[in-house]
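Structure record follows, encoded as structure tokens.
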2 protein chains.
Amino acid sequence: MGQGLGQIDDVRQPDAEQSGQPVSGQPAEPVPNRATELVRLLKLTERREPAVIEVATWVGLGIIEGRLRPGEDLNSVELSHRFNSSRTPVREALMLLEQEGLVEIRARRRPRVAAFTPQRVREIYYVRGHLLGLVGQLVAEHASDDDLADLRERLGEMQERADAGDIDGYFWRHVALQERMTDIGGNETLKGILDSLALRTLILRHASLAQPGRLRASVADQVRIIEAIEQRDGELAAMLLLRATHAALAAIEAGGWSERSASDENG
Amino acid sequence: MGQGLGQIDDVRQPDAEQSGQPVSGQPAEPVPNRATELVRLLKLTERREPAVIEVATWVGLGIIEGRLRPGEDLNSVELSHRFNSSRTPVREALMLLEQEGLVEIRARRRPRVAAFTPQRVREIYYVRGHLLGLVGQLVAEHASDDDLADLRERLGEMQERADAGDIDGYFWRHVALQERMTDIGGNETLKGILDSLALRTLILRHASLAQPGRLRASVADQVRIIEAIEQRDGELAAMLLLRATHAALAAIEAGGWSERSASDENG
DNA sequence: CTGGACTGTACTGTCGACACTAAGCTGCGT
DNA sequence: ACGCAGCTTAGTGTCGACAGTACAGTCCAG
């Protein structure tokens with residue numbers, strides 16, 4: 001029993017006090033923290049009961065932040081105890097995360113934290129790059145001046161974080177920036193797909209940014225992208241986004257992630 | 001009670017005998033019929049219990065074929081009675097369909113058959129066109145000679161169906177062809193996304209093909225696409241696929257679908 | 001000491017029951 | 001006649017229980 005989620009047994013009320021902001025109530029602040037962004041990405045608000053949201057957020061964050069390791073069992077009984085609920089909402093939460101590719105569920109078998117093969121990661125970035133390109137084109141066409149100002153402001157904040165070496169702060173602001181861009185793009189379908197892909201890559205993007213020099217390079221990429229958008233050059237924005245995505249993938253692969261996980265992937 | 005799903009109350013064992021092939025057991029035949037294709041698209045096999053599969057297939061097919069109308073309530077109690085099960089597997093099936101965009105679920109409210117706005121349809125086809133383009137490029141690069149032969153054979157069958165005016169037969173073979181192409185492409189992620197988009201458009205594609213002359217035009221498009229792939233011209237294949245997708249959208253819009261549903265969409 | 005069958009445990013999928021809530025209906029006031 | 005408030009009903013979300021199955025650990029044969 002201590003096997004599955006034992007590493008964090010000491011945490012009794014799992015999601016309170018985690019992010020430094022209370023989870024109860026509606027956190028109406030636009031400051032991107034981990035929990036609010038994840039809830040947004042999972043499209044949980046208004047769609048599910050609080051109990052389900054709580055579990056999905058905790059498990060999802062756990063996977064993204066590496067607290068829950070790929071392949072690890074996600075015992076629904078234990079999770080239900082942890083959240084003082086029954087297995088029904090837990091199962092629902094796990095199903096949500098399965099659809100987002102964070103959890104693997106096979107009939108009659110224990111749900112597990114999804115394990116990405118290097119191949120799969122490359123696939124995701126391939127698709128993601130092209131779709132972000134589409135977003136870039138749409139944004140360059142559709143963005144109002146207010147939108148552009150907003151993007152600029154976000155970029156400024158990101159630069160601050162990057163200068164301060166605050167990887168976590170930069171990371172989630174980066175996620176929020178892309179979320180904002182997909183909003184401006186105005187294609188809900190595209191946004192939904194990218195959100196889903198984003199979730200799968202959050203784990204890796206975090207690791208990627210932690211690499212020396214990567215933070216700086218990422219900022220530079222973002223600056224160029226925003227500039228292209230401001231100049232209404234959709235094609236350039238698209239290409240830059242595709243390139244930036246490829247660069248991120250290269251950083252991940254250079255980081256030795258693929259070797260590390262390649263040995264685990266069948267375990 | 002007769003309100004929600006009453007139109008088909010007479011059907012007692014809903015999915016047996018529907019497609020002319022028994023559903024029990026594993027239908028190992030490669031002949032694409034509605035049920036097997038849907039099960040494939042929903043990635044249901046191996047992933048869920050039979051009870052869930054049964055419900056998801058029936059409801060999904062119902063939505064695609066128009067038996068269940070957009071906006072219609074999907075009462076989980078009634079569905080559970082219909083399938084002699086409890087509400088748990090029904091809920092799970094509906095959640096699956098929700099993730100595929102066929103069903104809308106909001107907390108504490110009755111699940112409904114999803115209603116597409118014309119705007120949303122355009123979005124889907126925009127994304128779908130570009131993603132199919134990516135598939136086309138990948139297929140042109142990756143396809144083995146056997147793969148090409150297989151595609152040719154399928155194309156031949158489709159032509160037969162088209163000549164015979166068999167819309168339904170052509171339709172599902174067309175779905176299967178694109179499924180096959182995404183397989184050859186070798187990008188599982190891309191395949192998953194396109195499958196999901198495919199499901200959303202099945203309703204419309206069917207209606208689109210039913211229009212006079214559309215069947216013939218579609219066949220011609222497919223022929224050109226396969227030819228480009230055989231010539232290993234990925235760029236051309238991509239462009240043809242994008243064009244064909246746009247043509248399909250145009251056919252749908254010309255068919256007056258948008259007017260019909262625009263009046264319903266808030267109802 | 002190793003491989004394979006067996007057994008026990010623990011977890012999954014399903015069910016019926018229950019509290020709570022949304023939606024429809026009735027009857028009232030205007 | 002019309003709109004609103006309260007009531008009724010029907011459906012959702014959750015729970016604990018139960019049957020069935022996968023997994024791990026044990027025992028035995030070789």
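Side chains are part of it too, since the values below use all heavy atoms of this structure and drop only hydrogens, waters and symmetry mates. Each chain gets a letter, A, B and so on, in the order the sequences are listed, and its residues count up from 1.
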Quickly work out the [X] [atom1] to [N] [atom2] distance and round it to whole Å.
X: A/R112; N: C/dT12; atom1: CZ; atom2: P; result: 12 Å
X: B/R108; N: C/dA19; atom1: CZ; atom2: P; result: 14 Å
X: B/L94; N: D/dG11; atom1: CG; atom2: C1'; result: 13 Å
X: A/H81; N: C/dT12; atom1: NE2; atom2: P; result: 11 Å
X: A/N75; N: C/dA10; atom1: CG; atom2: C1'; result: 8 Å
X: B/R91; N: C/dG13; atom1: CZ; atom2: P; result: 15 Å
X: B/R106; N: D/dG11; atom1: CZ; atom2: C1'; result: 16 Å
X: B/E49; N: C/dC15; atom1: CD; atom2: P; result: 10 Å

For a side-chain contact (heavy atoms from CB on, under 4.5 Å) with A/P111, tell me which candidate from A/L79, A/V59, A/L74 qualifies. A/L74
Side chains of A/R128 and A/Q178: any donor to acceptor distance under 3.5 Å? yes
Donor/acceptor link under 3.5 angstrom from A/R87 side chain onto base of C/dG13: yes
Side-chain N or O of B/T88 closer than 4.0 Å to phosphate OP1/OP2 of C/dT14: no
Does B/S76 put a side-chain nitrogen or oxygen below 4.0 Å from OP1 or OP2 of D/dT12? yes
Do the side chains of [X] and [Y] get close enough for a salt bridge, i.e. N-O under 4.0 angstrom?
X: A/E100; Y: A/R200; answer: no
X: B/R120; Y: B/E123; answer: yes
X: A/E92; Y: B/R91; answer: yes

Could you tell me whether A/P111 contacts a base, only the sugar-phosphate backbone, or nothing, with contacts defined as non-hydrogen atoms closer than 4.0 Å? sugar-phosphate
By nearest-nucleotide position on DNA chain D, the 5'-leaning member of B/R110 and A/E92 is B/R110
Mapping A/R109 and B/I105 onto DNA chain D by nearest heavy atom, which one lands closer to the 5' end? B/I105
